[in-house]
Protein chains: 2
Amino acid sequence: MADRLTIYEVARRSGVSTATVSRVMADGKGFSAATRERVRATAAELGWVPSGTARGLASRRNGIVGLLFPDLGNSGELAEESPLYVDQVIRGAERAATSAAHAVLIAATHTTAGRELAFMVAGKVDGLVIMARCLSEPDIAVLSNSLPVVVLANRYSGDGPDFVGADNRSGSRAITTHLIHVHAHTDLAFLAGPADSPDSGERFAGFCEALDEADLPVPDAPIASGGFTETGGGAAVAALIAEGPRPRAIVCGNDEMAIGALRVLRAAKLRVPADLAVTGFDDIGVAQHVRPALTTVRQPMRALGEEAVRILLDRIHNRATPRASVVLPTELVIRRSCGCRVRPTSAEGGTRR
Amino acid sequence: MADRLTIYEVARRSGVSTATVSRVMADGKGFSAATRERVRATAAELGWVPSGTARGLASRRNGIVGLLFPDLGNSGELAEESPLYVDQVIRGAERAATSAAHAVLIAATHTTAGRELAFMVAGKVDGLVIMARCLSEPDIAVLSNSLPVVVLANRYSGDGPDFVGADNRSGSRAITTHLIHVHAHTDLAFLAGPADSPDSGERFAGFCEALDEADLPVPDAPIASGGFTETGGGAAVAALIAEGPRPRAIVCGNDEMAIGALRVLRAAKLRVPADLAVTGFDDIGVAQHVRPALTTVRQPMRALGEEAVRILLDRIHNRATPRASVVLPTELVIRRSCGCRVRPTSAEGGTRR
DNA sequence: TTGTAGGCGTTATCAT
DNA sequence: ATGATAACGCCTACAA
């Protein structure tokens with residue numbers, strides 16, 4: 001921990017110039033086997049760790065991809081609930097990056113304190129994956145103007161950055177169709193998330209498509225909104241069943257709201273799925289543990305992370321490719337809350353379709 | 001994406017020197033409110049993203065902590081099984097880092113290809129958290145010689161780097177004592193992991209302590225080793241029950257081996273826990289889904305990650321503190337495989353002690 | 001309050 | 001095959 005060891009010292013001790021040391025360390029060409037060995041030996045002997053920072057500055061390549069993800073529930077408890085969502089993306093990103101000899105710089109970003117961190121991260125990476133709801137669109141535009149950016153799981157309205165997302169619409173259509181065809185429901189309601197959520201919009205669209213395909217009446221708008229939260233979903237459903245003729249099935253925009261719905265319905269002495277079917281979206285961890293186990297749609301989070309980084313690396317190495325827009329398939333997970341009677345397998349707790 | 005925008009351009013356009021721009025961007029003092037606004041305005045207008053790399057070089061601070069973790073099962077399937085272990089550490093690290101305005105640079109490291117990446121990471125961060133089995137001890141020594149290092153979940157034999165780990169010994173003692181006192185077992189066996197695993201060693205030590213406290217005979221060595229893998233554990237138990245008088249309870253060094261044991265015992269028509277009690281260690285995700293649900297010991301992975309980064313930041317900002325060695329408590333998770341009859345709660349699938 | 005200028009530790013471009 | 005040396009983009013004394 002003495003004075004920082006630099007390339008100069010290594011060069012001096014091995015009797016060569018810094019340029020040669022640099023070449024050797026980069027595995028480049030242009031040196032004899034003898035010098036190569038000599039340099040590597042003294043480097044190892046000295047325990048020299050080249051400054052990646054200086055390297056990055058000089059070479060304009062950092063070997064790092066950034067990943068900005070939303071700071072889900074800094075409240076602590078909530079974070080316990082949906083660990084998989086973001087974690088899976090991180091792992092996927094890490095895998096894709098590692099196999100290309102890149103590291104991943106991660107940071108949680110959310111409106112306020114996040115912005116600064118986001119820019120800090122942007123200044124240290126070769127490219128950036130930005131998850132939904134991490135940054136405002138103007139900020140994304142600024143960043144994507146100075147480095148390659150891939151927007152993840154969030155349709156970006158401009159046509160600048162590449163985009164990777166899950167097929168929300170098809171997933172929603174599939175689960176709705178399941179309720180219609182398998183369980184013969186004709187009176188379904190869609191519980192939406194925040195009005196400005198593109199995901200919620202896509203899922204509602206899929207819901208409508210399924211109704212339309214079945215020649216059922218298509219609503220103009222979701223029956224209510226639950227803000228993607230458990231309490232919000234519960235409140236919306238409470239209002240719903242209080243105010244009049246209730247639907248036979250509630251297609252929730254995400255799992256949290258579905259779980260809130262289950263809670264409220266149980267309190268109201270309504271049986272799920274006997275009196276009312278309920279479905280979710282996302283397949284968060286608790287979905288398979290609630291009673292009844294939640295029928296839902298799983299997003300391929302790991303694959304999303306991988307794909308995002310793959311596209312990013314592509315663009316880093318070849319900037320002039322056409323804009324990519326990848327939509328990965330979702331997966332219907334049948335459990336009990338739709339009315340099916342499946343016995344959960346030990347590992348999955350559900351049946352994939 | 002034109003020519004990279006630099007501080008010079010921003011300085012020129014706002015009619016000040018680069019030093020002033022630097023000061024303003026760093027929120028330092030020493031400039032009038034007017035200049036401040038002017039600089040920030042042109043910076044925003046130009047969409048300038050300061051180079052974190054250059055910043056890091058010049059200031060010798062990167063605002064990044066590195067996290068090296070083992071590349072669990074690049075085989076793909078295995079990775080599906082124990083997602084929480086590493087993910088939780090990552091999230092914990094991320095939280096601690098974020099709240100100190102740092103980002104986290106992560107990379108999977110495992111013997112071969114990892115070494116290079118590890119050094120690359122080391123060159124770009126202010127400090128490094130190294131998880132167990134990521135890097136050889138000599139390599140750790142080299143790195144800890146040129147930047148602050150915290151070793152995680154792996155007792156480091158030297159006295160260089162700070163250490164953070166879970167109390168393997170107490171956890172193992174607790175689960176063994178549970179088998180002895182609650183279930184009145186007197187004939188217990190310990191199934192070890194790899195011989196060179198400090199964790200396995202600690203857990204065996206805790207096992208022995210419990211036996212000793214109960215005045216039961218203390219073995220010199222584990223009854224067998226299962227290499228911490230499911231197949232290894234299964235094979236070891238198969239041999240065990242084939243060769244002679246079988247113990248009444250098997251304390252496994254980790255969950256994977258315990259799950260292998262359950263499989264083999266079922267195949268052998270032995271009932272768990274009626275004929276034989278089995279316990280694990282770690283509380284991986286599937287532990288609560290196997291039949292019978294696995295009684296095990298949970299490590300506070302999230303907290304470990306947080307603590308590791310906290311200590312690291314401490315040392316980064318104040319190098320001359322005494323070596324830290326933090327051991328976090330583990331938690332006994334009672335399920336069915338020990339003989340208890342608990343009804344799992346929906347959220348936890350176990351009872352914590 | 002503001003500017004000048006010398007690093008920070010590499011890489012890369014010329015030479016040789 | 002090797003060596004000077006100018007970038008790389010910013011920070012930070014030191015001056016003014």
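Naming: A, B, ... by sequence-line order, numbering from 1 per chain. Since the structure is predicted, the reported quantities are computational estimates derived from the model, not experimental observations.
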Visitor: At under 4.0 Å between heavy atoms, what does B:Gly123 touch on the DNA or RNA strands: base, sugar-phosphate, or nothing?
Guide: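 Answer is nothing: B:Gly123 stays at 4.0 Å or more from every strand.
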
Visitor: Do the side-chain N or O atoms of A:Ser17 get closer than 4.0 angstrom to the phosphate oxygens (OP1, OP2) of D:dG3?
Guide: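 Checking A:Ser17 against D:dG3: at least one side-chain N or O falls below 4.0 Å of OP1 or OP2.
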
Visitor: Just do the side chain to side chain contact (heavy atoms under 4.5 Å, CB included) check on B:Val104 and B:Val125 with the steps written out, would you?
Guide: CA-CA 9 Å; B:Val104 181; B:Val125 301; over 6 Å; no

Visitor: Salt-bridged, A:Arg40 to A:Glu37, with N to O below 4.0 Å?
Guide: no

Visitor: Please step through salt bridge (Lys or Arg N to Asp or Glu O under 4.0 Å) for the pair A:Asp126 and A:Arg61, ending with a clear verdict.
Guide: CA-CA 6 Å; A:Asp126 297 327; A:Arg61 273 176 291 99; over 6 Å; no

Visitor: Test salt bridge (Lys or Arg N to Asp or Glu O under 4.0 Å) on B:Asp27 and B:Arg36 and set out the steps.
Guide: CA-CA 9 Å; B:Asp27 265 333; B:Arg36 180 202 151 85; 3.6 Å; yes

Visitor: Please determine whether side chain to side chain contact (heavy atoms under 4.5 Å, CB included) holds for the pair B:Val309 and B:Arg95, giving the CA-CA distance in whole Å, both sets of side-chain angles, and the decisive distance to 0.1 Å.
Guide: CA-CA 9 Å; B:Val309 167; B:Arg95 292 182 94 76; over 6 Å; no

Visitor: Just the rounded figure in Å: distance from P of C:dT10 to CD of A:Glu9.
Guide: 12 Å

Visitor: Can you check the B:Leu5 CG to D:dC8 P distance for me, whole Å?
Guide: 14 Å

Visitor: Taking DNA chain D as the partner, which of residues 57-65 of chain A come within under 4.0 angstrom of it by heavy atom?
Guide: A:Leu57, A:Ala58, A:Arg60

Visitor: Under 4.5 Å between any side-chain heavy atoms of A:Leu105 and A:Val65, yes or no?
Guide: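 A side-chain contact is absent here, since even the closest heavy-atom pair is not under 4.5 Å.
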
Visitor: For A:Lys124 and D:dC10, what is the distance between atoms NZ and P respectively, to the nearest whole Å?
Guide: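 Interatomic distance, NZ of A:Lys124 to P of D:dC10: 11 Å.
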
Visitor: Which part of the nucleic acid, if any, lies within contact of B:Val16, taking any heavy atom under 4.0 Å across all strands shown: a base, the sugar-phosphate backbone alone, or nothing?
Guide: sugar-phosphate

Visitor: Near DNA chain D, under 4.0 Å by heavy atom, which residues of residues 22-55 of chain B?
Guide: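 When residues 22-55 of chain B is checked for heavy atoms under 4.0 Å from DNA chain D, the hits, listed by number, are B:Ser22, B:Arg23, B:Trp48, B:Pro50, B:Ser51, B:Ala54, B:Arg55.
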
Visitor: Could you give the CZ-to-C1' distance, from B:Arg12 to C:dG3, as a whole number of Å?
Guide: 17 Å

Visitor: In this structure, how many angstroms lie between the P atom of D:dC8 and the CD1 atom of B:Ile7, rounded?
Guide: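 In whole Å, D:dC8 P and B:Ile7 CD1 are 15 Å from each other.
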
Visitor: Please determine if a side-chain N or O atom of A:Thr18 lies less than 4.0 Å away from the OP1 or OP2 oxygen of C:dT10.
Guide: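 No.
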
Visitor: Give me the atom names and distance for the closest heavy-atom approach of B:Pro161 to B:Arg323.
Guide: O-NE, 2.7 Å

Visitor: Expressed in angstrom and rounded to an integer, what is the separation of B:Asp126 atom CG from C:dC8 atom P?
Guide: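 Nearest whole value for this atom pair: 18 Å.
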
Visitor: Holding to salt bridge (charged side-chain N to carboxylate O under 4.0 Å, His left out), I want the full list of residues that pass it with A:Arg13, two or more places apart in sequence or in another chain.
Guide: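 A:Glu9.
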
Visitor: Look at the side chain of B:Thr6 and the backbone N and O of B:Tyr8, then say whether any donor-acceptor pair between them is shorter than 3.5 Å.
Guide: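 Checking the backbone N and O of B:Tyr8 against the side chain of B:Thr6, a donor-acceptor pair under 3.5 Å is found.
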
